[in-house]
Amino acid sequence: MSSGFDLNHPISVPDKPALEGLEQKWTARWESAGLYRFDRAKSREEVYAIDTPPPTVSGSLHVGHVFSFTHTDLVARFQRMRGKAVFYPMGWDDNGLPTERRVQNYFGVRCDPSLPYDSSFAPPEQPGKQPVPVSRPNFIELCARLTVEDEKAFERLWRHLGLSVDWSMTYATIGRRAQHLSQLSFLRLLGRGQAYQLEAPTLWDIDFRTAVAQAELEDREQPGAYHRIRFARADGGFVEIDTTRPELIPACVAIVAHPDDQRYRPLFGSEVVTPLFGARVPVKAHALADPEKGSGAAMICTFGDVTDVVWWRELGLPVRAIIQPNGTFKAVTWGAPGWEATDPSAAQAHYDQLAGLPPTKARARIVELLKQSGDLLGDPRPITHAVKFYEKGDRPLEIITSRQWFIKTMEHRERLLQRGREMKWHPAYMQTRLENWINGLAGDWCISRQRFFGVPFPVWYRVREDGTVDYDARLVATEDRLPIDPSTDVPHGFTADQRDRPNGFSADPDIMDTWATSSITPQIAGGWIEDPDLFARVFPMDLRPQAHDIIRTWLFSTMLKSELEHGTIPWKNAAISGFVLDPDRKKMSKSKGNVVTPLALLEEHGSDGVRYWAARGGPGADTAFDPGQMRVGRRLAIKLLNASKFALSKSEPTGPITAAVDRGLLTNLARLVRESTEDFENYQYTRVLERTESFFWFFCDNYLELVKARRYGDHGAELAASANSALLTALSAFLRLLAPFLPFATEEIWSWWRPGSVHKAAWPTEAEILDASCGEDDRGYLALFFAAEILGEIRKKKSESQRPLKTPVARLVIHAAESRLELLPEFEQDLRSSGLVQEINTLASDGFQVDVELAPESGPPQRPE
RNA sequence: GGGCGGUUAGCUCAGUGGUAGAGCACCGGCCUUACACGCCGGCUGUCACAGGUUCGAAUCCUGUACCGCCCACCA
């Protein structure tokens, strides 16, 4: 393979090789040589394409990113050396709430989508107390300004870590291309009926004041209490129910019990009256009601939880909504249509004490009222229960009826399950996560958010003559205009002054869920639409690397979009990284104050050292943060420098590899290469590192020691030539095997004696090594390990005798099976020099034993000073 | 409540039917012309627990416990 630089390559080994400074040296050279540029002349079969996860730029990179991005880079480097043109872009996720919050605080502004774009706007020097309102396009500009700085810092870190990304191919999830394709994808789905708008009860965060999707929920254990409440029956009796949300009694539209529940069967079809508000509500039967829970009867409110929504829909109940988008109780006129009460003024008097309050305060208040009225039976019984939260939110979600955009998912579930099975998962069991998620889907994907910083929907609506918006009269942007912002752009046939005017138009105020954009990262990176030639060469991609916590979001939504747009899987492989754990097995997170700055780690242990630690965490494996392993990796890199210096320092003469131990070494190395190639193809990079490392240490500790004298010429030129050639062959293979893991040390060493970059060198092959050593040599293989074993016994004796290793051995008696003793001539000379052995005797024996007789200590011991 | 992983030396982890392993840590020793950012040696185990299959189980099966994670209609 060709490479772009350093074609002059005299062997030149530094006196004191060191790791320090290699990151700066080589990142600069790789960049100037364009080493990792994607070669778009290659056909799809010759390409290995990666759908890199775009890190969130408004946060900071942490050690978990370093961990998982290293895994991807290992695979990228391997595939590149296998001859693939590696498509390895980098995206920046600057879309969404985290950035929105950061921009608000940093510049002291607030997005007001109703404002027109002001091209001369400049943010305040210092953020003031009152945020300055700005238009959405201005807000997005500020965002781009801030994130561009973050992105530079991220890129520096990634380069320092040695990621072999093609830095000419970056994208941002709020970038023009991402906006264009997000809107285009939306419009096409809309055109095909796969996207639709609906006014329906939706999960709602009252602080962010936006709808959220099922995928963004999380359960949190919260303290709560069962309140036993009585509802009056017409016959003067009562129905008792338990509720954790008594404040929703004014929103109660029915009571429900299980159809088979004998206690309530007589009541089905009758009406009861809500306490405090005197609303008549029916008693209904539904199979979801659990006779075991509470009293067996429950009140249905619009809406307390998702079960209420099911009951409301399936039982055909009316809506009596009381919670507003900001979470407070809205004003209600009791006695008005929909709010009928037996005593409207009493109901009003009670309700007025709740209006304007948030749910928790309203709950406390209504408990007082219920106590006074006698409708609260006994004391509230405290419990702990799981409550749904928006994953970024601070207060429990409410369910609020609102107009939202959805993408159809429910009708594609079976096909998506099949697509999941078409992919290879690393590790395989992660596929179960996807299947669990798909099987548990409760509804279509809500993609609209009532936020500002994100990709807007390219849609306007007609405004009626009376000034109300006609949501059925959609004005959809044409594809050639994209990307557009409907809050400043004007639909065809209208003028700007018709915005929000009678008979004019009004913009869709919402933006897309961040996953609606992230779900097309393969299309954004691969040039879908604007570069069909590139797209054909990279899509469907080979690899999606990501963490397991976003299988239900990023992975799933990307599969959905790919299915709907292209009818294929988006990638052939999904490699799922684990988390980095504290030593106490908890997930590392900022809130625990245990986050280490990645750059400091890289500087302390060297990028190769940190990569070594990361590479030891296999696919899917949660891995402990362990600086000890980074030190081990660093030592491996240093050892590689020094062993290479030895191998290259006196590399003449070379010649045929004839000595048995030399051929044995290469025989073992050839097997290692074969197995490592298979392992790497299967994303088992951890095994490659482990085995290569292990054999490399054997190579250093035993083989190098055995052949040291010989390669210096002590046993003649021919045997020296065999040793030198074997050393160079082995070194070349070791460097290439370790190049994905230790890109800096291996590149440095490669530059001492080989042309080009090790990262563009061909991955070693079994055949190549066996060619160099004229085929496999099992006898040599056995001889090498036998020699190493005897050498170990000699060292042991010296160590136990507390004598220097250079102490001569006067006499060696080797007890072993005849079949092994017969190998001795193959390595006798090497053994004599490396162990400083004077006399060797052998004794046929069933077991293995070595008697070592050290030379007497020479001269009188020196007196300490 | 359902599911997925895990449990092996003080620590981090390999090991998927054939005599329990590595590195780190610890202890002892060694200036050995590649490396003192080094080298050599040593110590360390009810393979979570209980049954079962097998000539033989860390490994396969059943169950249990604990840890972590994912999911769930949570009144």
Side-chain angles (χ1 to χ4, degrees), chain A residues 13 15-20 217 219 221-222 224 226-227 241-245 248 255-257 288-290 293-301 304-311 383-388 396 427 429-437 439-442 548-549 551-552 578-579 581 583 585-587 606 613 616-618 620-629 631-632 634-650 686-687 690-691 693-694 697 700-701 704-705 708 712 791-792 794-807 834 836:
Chain A
V13 183
D15 284 342
K16 284 268 174 201
L19 295 177
E20 281 69 25
L217 302 186
D219 286 355
E221 288 292 326
Q222 295 285 305
Y226 277 128
H227 303 74
I241 61 102
D242 276 325
T243 179
T244 54
R245 300 202 61 184
L248 294 180
I255 298 290
V256 69
L288 269 183
D290 182 353
K293 270 185 192 155
S295 65
M299 68 172 181
I300 302 173
C301 305
D305 62 29
V306 290
T307 317
D308 281 341
V309 179
V310 174
W311 281 328
I383 54 157
T384 302
H385 62 156
V387 179
K388 285 193 192 308
Y429 62 76
M430 285 296 178
Q431 193 201 334
T432 312
R433 299 274 182 105
L434 178 71
E435 302 218 340
N436 281 349
W437 174 250
N439 287 325
L441 279 173
H548 52 67
D549 56 334
I551 289 176
R552 66 176 181 170
F579 287 136
L581 304 177
R585 313 300 302 167
K586 297 276 183 260
K587 185 187 172 187
W613 160 74
R616 290 178 53 95
D622 290 346
T623 300
F625 176 74
D626 190 351
Q629 288 301 325
R631 285 190 282 272
V632 172
R634 182 182 166 78
R635 274 223 306 262
L636 174 63
I638 292 169
K639 191 75 174 177
L640 195 59
L641 290 176
N642 285 309
S644 302
K645 179 188 161 192
F646 170 75
L648 296 173
S649 61
K650 198 171 178 359
T686 302
R687 287 162 64 95
E690 203 171 276
R691 290 178 176 196
E693 180 192 14
S694 165
W697 283 104
C700 290
D701 297 341
L704 288 187
E705 294 302 327
K708 206 173 254 182
Y712 281 133
L791 189 58
I794 294 170
R795 286 172 181 152
K796 184 171 177 176
K797 180 71 177 184
K798 291 176 180 176
S799 183
E800 283 170 350
S801 311
Q802 305 198 349
R803 302 279 300 278
L805 285 173
K806 64 177 182 185
T807 305
S834 57
L836 298 162

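Below, chain A is the first sequence line, B the second, and so on; all start at residue 1.
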Q.
Need the pair for B:U33. Rule: Watson-Crick or G-U wobble, both distances under 3.5 Å, any strand; none if unpaired.
A. none
Q) Which one is paired to B:G68, where only Watson-Crick or G-U wobble pairs with both distances under 3.5 angstrom count? A) B:C4
Q) From the list B:A36, B:C4, B:C73, which nucleotide is the closest neighbour of the side chain of A:T432? A) B:C4
Q: Report the distance from atom CE of A:M430 to atom P of B:C4, rounded to the nearest whole Å.
A: 13 Å
Q. Roughly how far apart, to the nearest Å, are B:A25 and B:C35 at atom C1'?
A. 22 Å
Q | Distance, rounded to the nearest Å, where A:L434 contributes CG and B:G5 contributes P | A | 15 Å
Q: Report yes or no: is there a donor-acceptor pair, N or O only, under 3.5 Å between the side chain of A:K798 and the base of B:C40?
A: no
Q | Atom pair distance, as rounded to whole Å: CZ in A:R803 and P in B:C39 | A | 23 Å
Q: Describe the nucleic acid contact of A:W697 in one word from base, sugar-phosphate, nothing, applying a heavy-atom distance below 4.0 Å.
A: sugar-phosphate
Q. Using the C1' atom in both, what is the distance from B:G29 to B:C67, to the nearest Å?
A. 41 Å
Q.
Under 4.0 Å, counting only non-hydrogen atoms across every strand here, what does A:A289 touch: a base, just sugar-phosphate, or nothing?
A. base
Q: Send over the distance from A:R433 CZ to B:G2 P, rounded to a whole Å.
A: 18 Å
Q. Just to confirm, is there a sub-4.0 Å distance from OP1 or OP2 of B:C24 to any side-chain nitrogen or oxygen of A:R635?
A. yes
Q. Are any non-hydrogen side-chain atoms of A:D622 and A:H548 less than 4.5 angstrom apart?
A. yes
Q: Answer yes or no: is there a side-chain heavy-atom contact under 4.5 Å between A:E693 and A:V632?
A: yes
Q) B:C35, B:U12, B:C73: which one has an atom nearest the side-chain heavy atoms of A:D626? A) B:U12
(Q) So, under a plain 3.5 Å distance rule, would you say the side chain of A:S799 forms a donor-acceptor pair with the base of B:G28? (A) yes
Q) Does the side chain of A:K708 get closer than 4.0 angstrom to OP1 or OP2 of B:A34 through an N or O atom? A) yes
Q.
So if I take every side-chain heavy atom of A:E690 and compare against B:A14, B:A34, B:C73, which nucleotide ends up nearest?
A. B:A14
**Q.** Out of B:G42, B:U12, B:C30, whichever nucleotide has its closest atom nearest the side chain of A:A624
**A.** B:U12
Q) Checking all strands, does A:S649 fall into the base, sugar-phosphate, or nothing category for heavy-atom contacts under 4.0 angstrom? A) nothing
Q. When you measure from the side chain of A:R687, which nucleotide among B:A34, B:A75, B:G15 comes out closest?
A. B:G15
Q) In chain order, what residues pass the salt bridge (Lys or Arg N to Asp or Glu O under 4.0 Å) check against A:R635, with sequence neighbours excluded? A) none
Q: Test the A:K293-A:Y226 pair against the cation-pi criterion, namely NZ or CZ under 6.0 angstrom from the six-membered ring centroid and within 45° of the ring axis.
A: no
Q) Hey, is the side chain of A:H548 poking within less than 4.0 Å of OP1 or OP2 on B:G5, counting only N and O atoms? A) no
Q.
Categorize A:I241 for me: base, sugar-phosphate, or nothing, with a 4.0 angstrom heavy-atom threshold over every strand shown.
A. nothing
Q: Start with the C-alpha distance between A:E435 and A:R552, add both sets of side-chain angles, then the distance that settles salt bridge (Lys or Arg N to Asp or Glu O under 4.0 Å), and finish with yes or no.
A: CA-CA 9 Å; A:E435 302 218 340; A:R552 66 176 181 170; over 6 Å; no
Q.
Classify A:K639 by what it touches in the nucleic acid, base, sugar-phosphate, or nothing, heavy-atom distance under 4.0 Å.
A. base
**Q.** Integer angstrom distance from the P of B:A57 to that of B:G18
**A.** 11 Å
Q.
Can you identify which nucleotide, out of B:C73, B:G38, B:G41, has its nearest atom closest to the A:T307 side chain?
A. B:C73
Q | Separation of the P atoms in B:U59 and B:G68, to the nearest angstrom | A | 24 Å
Q. Between B:C26 and B:G10, how far is it from one P atom to the other, in whole Å?
A. 15 Å
Q: Measure from the side-chain heavy atoms of A:Q629 and tell me the nearest of B:C4, B:G23, B:A36.
A: B:G23
(Q) Of the listed nucleotides (B:G41, B:C30, B:C39), which one gets closest to any side-chain atom of A:E800? (A) B:G41
Q: Please give the nucleotide sitting opposite B:C13 as a Watson-Crick or G-U wobble pair, both distances under 3.5 Å, or none.
A: B:G21
Q) Hey, is the main chain of A:N642 close enough, under 3.5 Å, to the side chain of A:S644 for a donor-acceptor pair? A) no
Q. Contact class for A:V310 vs. all strands (heavy atom < 4.0 Å): base, sugar-phosphate, or nothing?
A. nothing
Q) Is there a Watson-Crick or G-U wobble partner for B:G41 with both distances under 3.5 Å, and if so, which one is it? A) B:C27
Q: Assign A:C700 to base, sugar-phosphate, or nothing according to its heavy-atom contacts below 4.0 angstrom with the strands shown.
A: base
(Q) Once you apply a heavy-atom cut-off of 4.0 Å, does A:D219 come out as touching a base, just sugar-phosphate, or nothing? (A) base
Q: Take atom CG of A:L805 and atom C1' of B:A36, then tell me their distance rounded to the nearest Å.
A: 14 Å
Q: Tell me which of A:E693 and A:Q802 sits closer to the 5' end of RNA chain B, going by the nucleotide each one is nearest to.
A: A:E693
Q) Expressed in angstrom and rounded to an integer, what is the separation of A:N642 atom CG from B:A36 atom P? A) 7 Å
Q.
In the structure I gave you, are the side-chain heavy atoms of A:W311 and A:L288 within less than 4.5 Å of one another anywhere?
A. yes
**Q.** Base-pairing mate for B:A58 - Watson-Crick or G-U, with both contacts under 3.5 Å
**A.** none
Q | Distance between C1' atoms of B:C55 and B:A14 (Å, rounded) | A | 28 Å
Q. Which one, B:A75, B:G38, B:C13, comes nearest to the side chain of A:R616?
A. B:C13
Q | Rounded C1' spacing from B:A22 to B:G56 in Å | A | 26 Å
Q. Between B:U32, B:A72, B:G41, which nucleotide has the shortest distance from any of its atoms to the side chain of A:W437?
A. B:A72
Q.
Under 4.0 Å, counting only non-hydrogen atoms across every strand here, what does A:K645 touch: a base, just sugar-phosphate, or nothing?
A. sugar-phosphate
Q | Spacing of A:I794 atom CD1 relative to B:G41 atom P, expressed in whole Å | A | 12 Å
**Q.** Span that lies between the P atom of B:A9 and that of B:G5, in whole angstrom
**A.** 22 Å
Q) Which part of the nucleic acid, if any, lies within contact of A:R552, taking any heavy atom under 4.0 Å across all strands shown: a base, the sugar-phosphate backbone alone, or nothing? A) sugar-phosphate
Q.
Taking the nucleotide of RNA chain B with the nearest heavy atom to each, does A:D290 or A:Y429 sit closer to the 5' end?
A. A:Y429
Q: Evaluate salt bridge (Lys or Arg N to Asp or Glu O under 4.0 Å) for A:E705 paired with A:K708, printing each intermediate quantity in order.
A: CA-CA 5 Å; A:E705 294 302 327; A:K708 206 173 254 182; 3.4 Å; yes
Q: Return the minimal non-hydrogen interatomic distance between A:T686 and A:G617, and the atom names on each side.
A: OG1-C, 3.8 Å
Q) In whole Å, what is the span from the CG atom of A:N436 to the C1' atom of B:C4? A) 7 Å
Q. Does a side-chain heavy-atom distance below 4.5 Å link A:T243 with A:L248?
A. no
